[in-house]
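Small disclaimer: the values here were computed from a predicted structure and weren't measured. Residue numbers run from 1 in the order of the sequence given. Remember, it's 1-based here, ligands and their atoms both numbered in the order they're listed.
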Amino acid sequence: MTGAPDSCGRSINYLRVSVTDRCNLRCIYCMPPSGVALMPHSQILSYEEILSIVQATADAGISKIRLTGGEPLVRARLPELVAMLCRVPGIEEVSLTTNGTLLRKHARELKNAGLTRVNISLDTLKAARFRDITLHGGLSAVLDGIEAAREAGLHPVKINMVVMRGVNDDEVLDFARMTIDREWHVRFIERMPFNGEVDFVPTAELQKRIGLLGELEPRVPPRGNGPAAYYRLPGATGTIGFITPLSEPSFCSRCNRLRLSADGRLRPCLMSEDEIDLRTPLRNNAQLPELKRLVLEAVASKPEHHHLKEDNATYPKITGAGGVTNRKMSQIGG
Ligand code: SAM
Ligand code: SF4
């Protein structure tokens, strides 16, 4: 299956499914310290509802699913959902993005349910700094979670680091060094603005700094669907990837994805406010053809590119009982 063609010549074959807006951490770039107003449980899609939507997207051309959140592992019985989605005709791969804190407990069960691989978010290798960035949680649990994923055969394990100037950018070389002896696939992500701020460290600057360790050799990506460009340090076991939503003008031309929020909205672009509500039709007994039609509508409405660096940029918003507020990454399903 080659995916659903959008109006800009891209092939859309990848769906990120947020299974919850809840999280056990409060990463400073993702959520305010007090957290965000949580969706009532009644608004969050059941696993059966997620299954119906995934069936419709598979019919439309989606073949790869990534579960995310919030923190997906705080939702009960996640392996059951993995097993349900793996059985959908047309779905070739179900993967997970997690903060890793609960992975030791669940890695084996997730693998047995059919999960293929995990991406783990880790922004520092220093315990005190980990607490400063996440406001909760311990670094050792995440490192143990990475090991548990490896032991369970969830390959390749990718480590996502959001680079923040003055916060953790002094650890970029330490993360790069981790790829030399271990099979870590580290991806440096430019911090995206969710409050209008743009304080990202451009990838070109990172590449120059990492060049001190050796010449970066371009690599074929380790298995995956993402927009990262991959490299390897000479003789290294793992790889180094760069995700460049802000510094690379053609970044969006490689976008192959849709996002489904925990409350059932299909989002054609992370950085656009446009969403298509699938929960209401679903709860009004819409059948597969109608859901598929809405999925194709979302594909067709994917914008050519985001507008984050333009003066009149808009940031993700959600309209709720409290009025219009910034919608955070944890609510969209990053
Ligand atoms: N809780 C899980 C985790 O942390 O991996 C999954 C959800 S989290 C929203 C998904 C990804 O979004 C993480 O890799 C996180 O680092 C990234 N993310 C969140 N806010 C971001 C921001 N402002 N800029 C870039 N990446 C961000
Ligand atoms: Fe939670 Fe992930 Fe957001 Fe951190 S990045 S607050 S772990 S959802």
Quiz item: Taking non-hydrogen atoms only, is Thr98 closer than 4.0 angstrom to ligand 1 via side chain, backbone, both or neither?
Solution: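 Just the backbone.
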Practice problem: Tell me which part of Thr97 gets within contact of ligand 1: side chain, backbone, both or neither, using heavy atoms under 4.0 Å. | Solution: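 Near ligand 1, Thr97 shows its backbone as well as its side chain.
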Regarding [atom]: of the candidates [options], which has the closest heavy atom?
atom                    : options                     : result
atom 1 (N) of ligand 1  : Ser121, Cys23, Gly70, Pro72 : Gly70
atom 2 (Fe) of ligand 2 : Cys23, Pro72, Pro32         : Cys23
atom 16 (O) of ligand 1 : Thr101, Val162, Ile189      : Val162

For the residue pair [X] and [Y], confirm or rule out a side-chain donor-acceptor distance under 3.5 Å.
X      : Y      : answer
Arg66  : Thr97  : yes
Thr244 : Glu190 : no
Thr101 : Asn24  : yes
Glu71  : Asn99  : yes
Tyr230 : Arg232 : no
Asn13  : Asn256 : yes

Quiz prompt | Close approach, Gly70 and ligand 2, non-hydrogen under 4.0 angstrom | solution =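 For ligand 2, residue contact (heavy atoms, under 4.0 Å) with Gly70 is present.
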Exercise. Give yes if a backbone or side-chain nitrogen or oxygen of Asn119 is under 3.5 Å from a nitrogen or oxygen of ligand 1, and no if not.
Key: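 No.
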Quiz item: Should Met192 be counted as touching ligand 1, given the test is an N or O pair under 3.5 Å?
Solution: yes
Exercise. With heavy atoms of Cys27 as the reference, note each atom of ligand 2 found under 4.0 Å away.
Key: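 Here the atoms of ligand 2 in question are 4 (Fe), 5 (S), 6 (S), 7 (S).
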Would you mind checking if [Y] and [X] are paired as a salt bridge, meaning a charged N to carboxylate O distance below 4.0 Å?
X      : Y      : answer
Glu147 : Arg150 : yes
Glu49  : Arg279 : no
Lys302 : Glu297 : no

Quiz prompt | N/O/S from Cys30 sitting under 2.8 Å away from atom 1 (Fe) of ligand 2 | solution = no
Self-check item: Within-shell test, Met161 vs ligand 1, heavy atom, strictly < 4.0 Å
Solution: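 No heavy atom of Met161 comes that close to ligand 1.
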I need the atoms of ligand 1 closer than 4.0 Å to a non-hydrogen atom of [X], numbered in the order shown.
X      : answer
Glu190 : 25 (C)
Thr68  : 6 (C), 7 (C)
Asn160 : 14 (O)
Arg191 : 24 (N)

Practice problem: Return each pair, listed once, that meets ring pair (Phe, Tyr, Trp, His ring centres under 6.0 Å) where at least one residue sits in residues 160-189; pairs must be two or more places apart or across chains. | Solution: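 Ring pair (Phe, Tyr, Trp, His ring centres under 6.0 Å) check on residues 160-189 returns Phe188-Phe242.
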